[in-house]
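A short worksheet on the structure shown next.
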There are 2 protein chains.
Amino acid sequence: MSREAILERAVDLASLEGLEGLTIGRLAGELEMSKSGVFANFGSKRELQLATVQAAAERFVADVIAPAQEAQAGLPRLRRYCEGYLAHMERAAFPGGCFWAAASAEFDDRPGPVRDAVREGIAAWLGELAAQAREAGMDDPEQAAFELWAVGLGANAYRRLLGDEAAFDRARRAIEERLAE
Amino acid sequence: MSREAILERAVDLASLEGLEGLTIGRLAGELEMSKSGVFANFGSKRELQLATVQAAAERFVADVIAPAQEAQAGLPRLRRYCEGYLAHMERAAFPGGCFWAAASAEFDDRPGPVRDAVREGIAAWLGELAAQAREAGMDDPEQAAFELWAVGLGANAYRRLLGDEAAFDRARRAIEERLAE
DNA sequence: CCTACCGATCGGTAGG
DNA sequence: CCTACCGATCGGTAGG
């Protein structure tokens, strides 16, 4: 079993159970491996968590960021980012809902390398949104990035907790109005 | 040690460690009680979790909802709700950040009574926001409630994960623009 | 409210 | 990659 294949399952499991609930024993059970077989690939639970965050970032880049590079920098790419971001969550790219929403809520008060890795992933995404907002000539790109990101976070929580698929329509409407300004 | 005093600590601990990370042993340690002494007050971990959600709801009502009843129904009360909501998170009414943001991310994919209780608390808050938006004459009160709530959720995450206190200024600016429409 | 205990599971190690 | 094990902690119980 390759490290890559293990991490595929680790990301899915972490989106469901959290990065702390991602236990080596449970992951081993799902992969039909021994605990120590999984353990040996990482050396510690912390390294498993860090590798899982990295794998989730790669999935997000492949799914959302890379395809949007076809669009022109500025407003067109910003729209593609928002569409990709919502579509990514809507089709449940992670079975437990957005990995990043779950990971940031879980680790925002646990200082250490895992928290730092989660923060860097989210900061990179906010930075991408702000860069395109700046390119589009918006007067406060960081403000726009914050608002667009918050709407996505809200849609994920609204759908997952309330079971209301209208969450994404609401998010699209909010984003449309924000970008039409 | 009264049940109420135990629940005070339970809410704080849950905001830091999550409702699953709120273990009976750890809570007992902080209260300098025996595990079974804490346990006997609730009968099961699930009952402790449910009582903790209830206590968090009471804290939110006392802190945010009740004071806003002084304001006139409609836009004035809606503004007070938003101000109270942000101030509640900004001064860290829960030491681990907004209890509800953490609890919804943790339980959104764990069916059962705890999830139901979290959902009901959040649905009640969204309903309050929508009711005032309707009273204020807004044309899609649920949409407004969704957007205002999402901005608060975003501000909590932005501040806690990125350590940026500007999160709340950004949230206030976004809410101001939304309500000025 | 307490001590003392149960089986299960945790992260991690020894040795192969 | 495996079996077998470690001490710690989990939710929960017995008995007082």
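Every chain is numbered from 1, with letters handed out A, B, ... down the list of sequences. Every heavy atom of this structure was used, including side-chain atoms; hydrogens, water molecules and symmetry mates were not.
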Tell me the interatomic distance from [X], atom [atom1], to [N], atom [atom2], rounded to whole angstroms.
{"X": "Glu32(A)", "N": "dC1(D)", "atom1": "CD", "atom2": "P", "value": "13 Å"}
{"X": "Leu27(A)", "N": "dC10(C)", "atom1": "CG", "atom2": "P", "value": "11 Å"}
{"X": "Arg26(A)", "N": "dA8(C)", "atom1": "CZ", "atom2": "P", "value": "18 Å"}
{"X": "Glu20(B)", "N": "dC10(D)", "atom1": "CD", "atom2": "P", "value": "12 Å"}
{"X": "Lys35(A)", "N": "dA8(C)", "atom1": "NZ", "atom2": "C1'", "value": "11 Å"}
{"X": "Leu22(B)", "N": "dT9(D)", "atom1": "CG", "atom2": "C1'", "value": "15 Å"}

Any side-chain N or O of Thr23(A) under 4.0 Å from OP1/OP2 of dC10(C)? yes
Pair [X] + [Y]: basic N to acidic O under 4.0 Å:
{"X": "Arg26(B)", "Y": "Glu17(B)", "answer": "yes"}
{"X": "Glu147(A)", "Y": "Arg173(B)", "answer": "no"}
{"X": "Arg170(B)", "Y": "Glu165(B)", "answer": "no"}
{"X": "Arg134(B)", "Y": "Asp140(B)", "answer": "no"}
{"X": "Arg115(B)", "Y": "Asp108(B)", "answer": "no"}
{"X": "Glu70(A)", "Y": "Arg80(A)", "answer": "yes"}

The single option from Val114(A), Leu19(A), Val118(A) that satisfies side-chain contact (heavy atoms from CB on, under 4.5 Å) with Glu106(A) is Leu19(A)
The side chain of Ile24(A) is closest to which nucleotide in this list: dC2(C), dG11(D), dG12(C)? dG12(C)
Measure from the side-chain N and O atoms of Asn156(A) to the backbone N and O of Cys98(A), and report whether any donor-acceptor pair falls under 3.5 Å. yes
The dot-bracket string of DNA chain C, counting Watson-Crick and G-U wobble pairs with both distances under 3.5 Å, using [ ] for crossing pairs and | for pairs to another strand, is ||||||||||||||||
Taking Leu16(B) as the starting point, is it possible to reach Leu161(B) by hopping between hydrophobic residues whose side chains are less than 4.5 Å apart? no
DNA chain D contacts made by residues 37-51 of chain B, counting heavy atoms under 4.0 Å: Phe39(B), Ser44(B), Lys45(B)
